[in-house]
J.: 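Let me begin by handing over the structure; questions about it come next.
Quick caveat, the model's predicted, so the values are computed rather than measured. Here is the naming used below: chain letters follow the sequence lines, and residue numbers restart at 1 for every chain.
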Number of protein chains: 2
Amino acid sequence: MARPRKPLLSRERIVAAAGALVDSEGLDAVSTRRLAAELGVSGPSLYNHFRTKDEILEAVADAVSAQVDLSMFAEHDSRDWATALHDWALSYRAALRAHPQIVPVLARGPGRRPAGLRVADAVFGAMVRAGWPPAQATHIGALMRYFITGSALGSFARGFVDDETAYDPADYPHLGRAHLLAGHQEAVDEGAFETGLRAIIEGLGVQYAALDRS
Amino acid sequence: MARPRKPLLSRERIVAAAGALVDSEGLDAVSTRRLAAELGVSGPSLYNHFRTKDEILEAVADAVSAQVDLSMFAEHDSRDWATALHDWALSYRAALRAHPQIVPVLARGPGRRPAGLRVADAVFGAMVRAGWPPAQATHIGALMRYFITGSALGSFARGFVDDETAYDPADYPHLGRAHLLAGHQEAVDEGAFETGLRAIIEGLGVQYAALDRS
DNA sequence: ACCTGAACACCGTTCAAGT
DNA sequence: ACCTGAACACCGTTCAAGT
């Protein structure tokens with residue numbers, strides 16, 4: 001059955017299947033043979049639609065980026081720049097939280113991913129419109145991405161081993177035992193994200209107020 | 001020559017060789033066979049010293065964490081908490097910049113890595129000593145790590161493709177063409193890190209001033 | 001154009017055998 | 001205890017062959 005009259009595959013179907021596999025079994029479960037089997041074809045077929053396996057994973061990451069809400073950066077939106085940044089950060093984090101396993105790929109930077117660049121473009125446009133100098137507007141988009149992806153990578157489904165005996169308290173004089181438990185870690189992630197987001201936006205507010213607006 | 005009288009390998013030698021290989025050729029170049037060849041032994045020998053390849057990479061990441069300067073958090077150090085955080089962030093970033101290829105492993109969180117935990121412990125202790133409530137002190141260590149590792153991951157040796165034709169300006173109305181060049185990207189990384197670090201510390205300063213110190 | 005099976009050059013890891 | 005070669009069950013990717 002060499003070639004069917006109707007193509008069996010499409011980039012969309014491949015990305016959807018790969019995304020589902022990443023979500024359910026993790027990045028390591030995605031091999032070209034396994035993914036192809038999931039799609040009912042043989043391994044090499046994928047290479048008619050993507051040049052490498054990495055391109056497939058980049059596309060999965062981009063699909064997650066595409067789910068980030070950008071409406072707060074629209075010209076007609078009434079939110080001020082600080083509120084828009086805050087709301088965007090929450091939406092961004094929610095998207096990553098829904099697909100934690102792809103974050104390592106996504107965190108590598110927007111690279112050549114269209115949705116990632118669209119996000120950068122929206123933030124940049126809104127910050128410039130709010131009065132930020134272009135260079136600073138670029139920095140704001142990047143630093144927010146650093147913080148949000150960094151927090152997603154360093155936290156979800158990760159953290160400490162749930163075996164207290166793995167740590168000798170003498171080695172970490174200040175950390176209480178509670179800090180070393182995976183259960184506690186989820187609360188830490190949440191709190192650290194909130195504290196950090198608030199600090200960044202407050203700090204940017206200080207810098208914004210000090211801008212020489214001539 | 002089954003077993004020599006003096007062991008050919010040690011955890012230290014393996015970690016050193018793996019680190020050198022990661023630095024020179026990247027994470028993908030590290031296979032157990034290749035690493036073993038670099039050490040003059042056969043692949044399976046490594047399993048006498050580490051349980052998995054991943055444990056080796058974790059140890060490499062931990063060795064990088066161990067290079068982060070923590071002297072600013074020492075009890076006798078005269079720097080205030082904000083200056084200490086700032087100086088620490090620069091040292092942390094410098095360590096990652098020296099070994100950018102291991103960052104994906106390191107960014108997964110302190111996990112079971114002793115040096116990573118020592119860092120967390122030092123920050124926590126210094127923040128509590130400065131008057132931060134314990135919960136907030138924990139958050140500060142985590143959020144700084146998010147930002148620093150996120151920026152290292154999203155930037156170094158990454159970023160945009162250096163082919164202008166890869167992007168259609170119509171898709172990104174606000175981003176100028178300059179933003180899409182790899183050369184420009186390095187400056188963005190630097191500026192975004194500085195802006196972000198300043199914002200975080202200024203923002204934390206606001207929160208610190210508002211603490212109810214009774 | 002799009003899929004196939006075969007093939008190439010690899011993987012991580014286990015294990016019995018050696019000293 | 002620590003290393004070896006052989007082996008298992010995989011990999012990503014290329015390519016000629018099929019329609």
J.: How far, in whole Å, is D:dA9 from C:dA9 if one measures between their P atoms?
T.: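 Those two atoms are separated by 23 Å.
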J.: Are A:Phe147 and A:Phe193 close enough that their ring centres sit under 6.0 Å apart?
T.: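 Between A:Phe193 and A:Phe147, which both carry aromatic rings, the centre distance is below 6.0 Å.
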J.: A:Ser31 near the nucleic acid: base, sugar-phosphate alone, or nothing, with a heavy-atom cut-off under 4.0 Å?
T.: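 Contact class for A:Ser31: sugar-phosphate only.
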J.: Assuming nearest nucleotide by heavy-atom distance, tell me which of A:Thr32 and B:Pro44 is located more 5' along DNA chain D.
T.: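 So the residue in question is B:Pro44.
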J.: Between C:dT13, C:dC8, D:dC3, spot the one nearest the side chain of B:Leu9, thanks.
T.: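 Closest of the options to the side chain of B:Leu9: D:dC3.
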J.: What do the steps show when you test A:Asp69 against A:Tyr92 for side chain to side chain donor-acceptor pair (under 3.5 Å), and what is the final call?
T.: CA-CA 7 Å; A:Asp69 183 17; A:Tyr92 202 151; over 6 Å; no
J.: What's the CG-P distance between A:Asn48 and C:dC3, to the nearest Å?
T.: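 Result: 6 Å.
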J.: Check whether any side-chain N or O of B:His49 sits under 4.0 Å from OP1 or OP2 of D:dC3, and answer yes or no.
T.: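 For D:dC3, OP1 or OP2 has a side-chain N or O of B:His49 closer than 4.0 Å.
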J.: So what's the dot-bracket for DNA chain C: Watson-Crick or G-U pairs under 3.5 Å, [ ] if a pair crosses, | if it pairs off-strand?
T.: ||.|||||...|||||.||
J.: Looking only at the side chain of B:Arg33 (C-beta and beyond, no hydrogens), which of the listed nucleotides D:dC8, D:dT14, C:dA7 gets closest?
T.: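 The answer is D:dC8, which lies nearest to the side chain.
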J.: Among C:dC3, C:dT4, D:dT13, which nucleotide sits nearest the side chain of A:Ser42?
T.: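 Given the options C:dC3, C:dT4, D:dT13, the side chain of A:Ser42 is closest to C:dT4.
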J.: Using atom NZ of A:Lys53 as one end and atom P of D:dG12 as the other, report the distance to the nearest whole Å.
T.: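 After rounding, the gap between these two atoms is 4 Å.
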J.: For D:dC2, does OP1 or OP2 lie under 4.0 Å from any side-chain N or O of B:Ser45?
T.: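 Answer is no, no contact under 4.0 Å.
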